[in-house]
Amino acid sequence: MDFYGRDFLRILDFSEDELRYMLTIAKKFKQYKKEHKMHKFFPDKNIAILFEKTSTRTRCSFEVAGYDLGMGVTFLDPSGSQMGHKESIADTARVLARLYDGIEYRGFDQKIVDDLAKYSSVPVWNGLTDECHPTQALGDFMTIEEHFGHLEGLTLAFVGDTRNNVANSLMAMSAKMGVNFIACGPSELRPSDEIVAKCRPIAEKNGSTITITSDLAELYGKADIIYTDVWLSLGEPQEKWGERIELLKQYQVNSEMMAKAKETAIFLHCLPSFHDLNTSIARDVNKVFGIDEMEVTNEVFESKQSLVIDQAENRMHTIKAIMFLTLYKKEEK
Ligand code: CP
């Protein structure tokens, strides 16, 4: 396996063995971190992390992982760079690649990160686009494997807005890892036929299935993992809240749903989450629509079955593994 110089743009760009190897390296880095073992492999390198959308976990994970690996890290947001406003993606990519050893991008169209990678001579890492969130899926599968001790044969049910970027990457990762994937949500918010058509043959090859359904009964007694995400994704217009609540309220993850999954089922969420009224957005929605919990109840979010904080931590270890593998040139060391 040779990762050196490669981009990390989507899960489907990597083989099953490559993805498993990334998880192995992430586990190693997690162990190093717990043992306070220094792993500053790249004191001579610098990375740029570009965020056109807000972030807590992804930004902090790239920053901490970069520092842990000994690198300098430059954060740029829309107000701090010319990208897209005064300077094209192609020019930005070519200039940054002369200054930095790797570039992370979070933003809108997948074409932007694809173009950055096309014009950059250093690795580009996808920190979320409208199409996919591959570093999220890798961190989530690390969490699932840590908990169950294996991946193959498990069933992951993504409940709610099943055509969002996180669901797309989880479907791809499930197919690659032989995990059954159930997308359960309203027919208006189903995954695209294109992504399903790409993932289904891979899942079949690896002995798993992909089910697209609106019927919650499909996951009852089967789901090892119940996963959900916010009902309105980053960048979507706030005016859509009413429509989304109407469509998705029956898919709220609550204790009744968890009780109908497998007895050993866990709950995952990529975060941030609207499980209480401790955010300004949740309070605004509450004022208009009268609901105080959205995609997941506070009871489930705070339950023993919920591994959401482990999941957030594993973002950093997996992002570190991706950066390490794509920057490490064997013969240099
Ligand atoms: N899950 C996730 O991507 O979190 P942030 O938006 O905080 O980076």
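Quick note: residue numbers are just sequence positions, from 1. No hydrogens, no waters, no symmetry mates; every other heavy atom, side chains included, goes into these values. Everything numeric here is computed off the predicted structure, so don't read it as measured data. Atoms within a ligand are numbered from 1 in the order they appear, just like the ligands themselves.
Not counting sequence neighbours, the partners of Ala183 by the side-chain contact (heavy atoms from CB on, under 4.5 Å) test are Thr162, Phe181, Pro191, Ile212.
The nearest heavy-atom contact from the protein to atom 6 (O) of ligand 1 is Arg106 NH1, 2.9 Å. The shortest contact between atom 7 (O) of ligand 1 and any protein heavy atom is with Thr56 N, 2.7 Å. At the shortest separation from atom 2 (C) of ligand 1 among protein heavy atoms lies Arg315 NH1, 3.4 Å. When only non-hydrogen protein atoms are considered, atom 4 (O) of ligand 1 lies nearest to Arg57 NE, 2.9 Å.
For the pair Cys270 and ligand 1, the shortest N or O to N or O distance falls below 3.5 Å. Taking only nitrogen or oxygen atoms, main chain and side chain alike, Ser55 reaches within less than 3.5 Å of ligand 1.
Contacts with ligand 1 closer than 4.0 Å are made by no heavy atom of Leu128, backbone or side chain. Neither the backbone nor the side chain of Lys53 comes within contact range of ligand 1; no heavy atom lies under 4.0 Å.
Ring centers of Phe8 and Phe14: under 6.0 Å apart, within the cut-off. The distance between the ring centers of Phe324 and Phe41 falls below 6.0 angstrom.
Distance check: Ile319 CD1 to Arg57 CZ gives 11.0 Å after rounding to the nearest 0.5 Å. Taken from NE2 in His133 to CG in Asn164, the straight-line distance is 9.5 Å, to the nearest 0.5 Å. Taken from CG in Leu156 to NZ in Lys222, the straight-line distance is 14.0 Å, to the nearest 0.5 Å.
Which parts of ligand 1 touch Gln136 is read off a 4.0 Å heavy-atom cut-off, strictly below it: atoms 1 (N), 2 (C), 3 (O). With ligand atoms numbered from 1 in the order given, ligand 1 contributes 2 (C), 3 (O) to contacts under 4.0 Å with heavy atoms of His133. Listed by atom number, the atoms of ligand 1 under 4.0 Å from Leu271 heavy atoms are 1 (N), 2 (C), 4 (O).
Counting only N and O atoms by type, the side chains of Arg106 and Thr58 include a donor and acceptor under 3.5 Å apart.
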